[in-house]
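Down below is the structure, laid out as structure tokens.
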Amino acid sequence: MLIDTHCHLDFPTFDGWRDQVIERARRAGVGAIVVPGVSARYWARVLELCGSATDAVHLYPALGMHPYFMQEHRSEHLSLLKRQVEKYRERLVAIGEIGLDFQLEHYDETAQTELLVEQLKIAKAAELPVLLHVRKAHDQVLKQLRRLNLPRGGIVHAFSGSEQQAQEYVKLGFKLGFGGAVTYERATKLRRFAQQFPLGWIVLETDAPDMPLSGWRDQPNEPFRVAEVAQTLTDLRQIELNDLIAQTADNACALLSLTCCKSSR
Ligand SMILES: [Zn+2]
């Protein structure tokens, strides 16, 4: 079973054709999709979407406040997040998408860091893993993770750091998300990591509708393309596709305690 550990299936891009997107994913062998919430106004939508799922493709919600939407976030959203996490604790698989993005124009390092730390504390109290978005800020994120010592780690989505930073994340219980970026031949560093990192470190993702794969830049990305990400990693590592799919699914299942894993394997 393929697992897309990071897909914004709730985004309006998919309105009107979401069922087709899910059906195409199912036919490509995708058994589960993790849907991270990015801002308070989307949380209800994420929960509703994931609650309406059929057994064919399991949809798992996560809730969080993304650094990209700093202007939208309010301090009261943190207390709302706490209440939502208490209420939906059994359904949520993680807190996310949260993180630091120092690649954004005019970013406010202090505001981003405060918001991240508060959300990490919520994850720690609820004993949930986190889904991290990190750009040009891996050392700063690692510093907070070391300080807070989360019980269940998480996933560094669309990993873009160094080999040493990868090792640090893994030591702290994290997996590294590989998605469409690895399908670009010019992504030499990332492709080398995809070859060399132990398979136990890696989970698959698409970040759909964002992060189009090589050759598909003119249309929204879709979760079925996680199959192509798996194929690229398989080619790079020269292993059996089924072994790669099984091991990365195991990684995601163990980390996120996905309910579908026991029944389907
Ligand atoms: Zn995302």
Side-chain angles (χ1 to χ4, degrees), residues 2-15 18 21-22 25 30 32-47 49-50 57 59-73 77 81 92-104 107 112 115-116 119-120 122-123 128-138 141 153-161 169 174-184 187 190 202-213 216-217 219-226 228-229 248 252 255-256 258:
L2 282 159
I3 299 180
D4 185 349
T5 62
H6 197 109
C7 171
H8 297 286
L9 196 57
D10 64 311
F11 278 14
T13 317
F14 294 123
D15 288 355
R18 190 169 284 105
V21 171
I22 295 171
V30 178
I33 299 173
V34 177
V35 186
V38 295
S39 177
R41 69 184 163 115
Y42 296 148
W43 293 341
R45 192 173 73 185
V46 169
L47 288 164
L49 168 65
C50 295
V57 180
L59 305 180
Y60 295 104
L63 301 181
M65 285 179 263
H66 193 297
Y68 186 82
F69 299 94
M70 283 309 287
Q71 282 85 347
E72 290 186 19
H73 306 322
H77 293 161
L81 180 60
L92 294 177
V93 297
I95 298 295
E97 177 173 1
I98 64 177
L100 296 180
D101 193 327
F102 295 168
Q103 201 167 303
L104 294 171
Y107 67 90
Q112 282 196 23
L115 183 67
L116 170 67
Q119 295 185 96
L120 291 174
I122 293 173
L128 280 167
V130 293
L131 306 176
L132 293 180
H133 167 105
V134 187
R135 291 201 303 172
K136 298 213 158 66
H138 288 288
V141 168
I155 295 172
V156 190
H157 128 75
F159 178 71
S160 62
Y169 280 118
F174 279 75
K175 305 290 178 197
L176 311 172
F178 280 79
V182 81
T183 62
Y184 291 83
L190 196 60
I202 294 173
V203 293
L204 307 178
E205 63 166 65
T206 60
D207 201 21
D210 303 326
M211 304 253 279
L213 278 68
W216 305 101
R217 299 196 64 158
Q219 44 184 291
N221 192 7
E222 283 189 50
F224 82 83
R225 298 202 192 277
V226 75
E228 206 173 314
V229 174
T248 53
L255 181 78
L256 303 170
L258 303 182

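Just so it is clear, the structure is predicted and the values come from calculations on it, not from any experiment. Excluded from the calculations below are hydrogen atoms, water molecules and symmetry mates; all remaining heavy atoms, backbone and side chain alike, are included. Just follow the structure's listing: the first ligand is 1, and inside any ligand the first atom is 1. Index from 1, following the sequence.
Checking H157 against the Zn ion (ligand 1), every N/O/S atom stays at or beyond the 2.8 Å cut-off. Taking backbone and side chain together, E97 holds an N, O or S atom under 2.8 Å from the Zn ion (ligand 1).
Note on ring orientation: taking the six-membered ring where Trp is involved, the planes of H138 and F159 are tilted (angle from 30° to 60°). Between H66 and H133, the two ring planes are tilted [angle within 30° to 60°].
Of all the N, O or S atoms in H6, the one closest to the Zn ion (ligand 1) is NE2. For D207, the N, O or S atom with the smallest separation from the Zn ion (ligand 1) is OD1.
Q219 is linked by a side chain to side chain contact (heavy atoms under 4.5 Å, CB included) to W216, R225, counting only residues two or more places apart in sequence or in another chain. Among residues two or more places apart in sequence or in another chain, the side chain to side chain contact (heavy atoms under 4.5 Å, CB included) test is passed with R41 by S39, E72.
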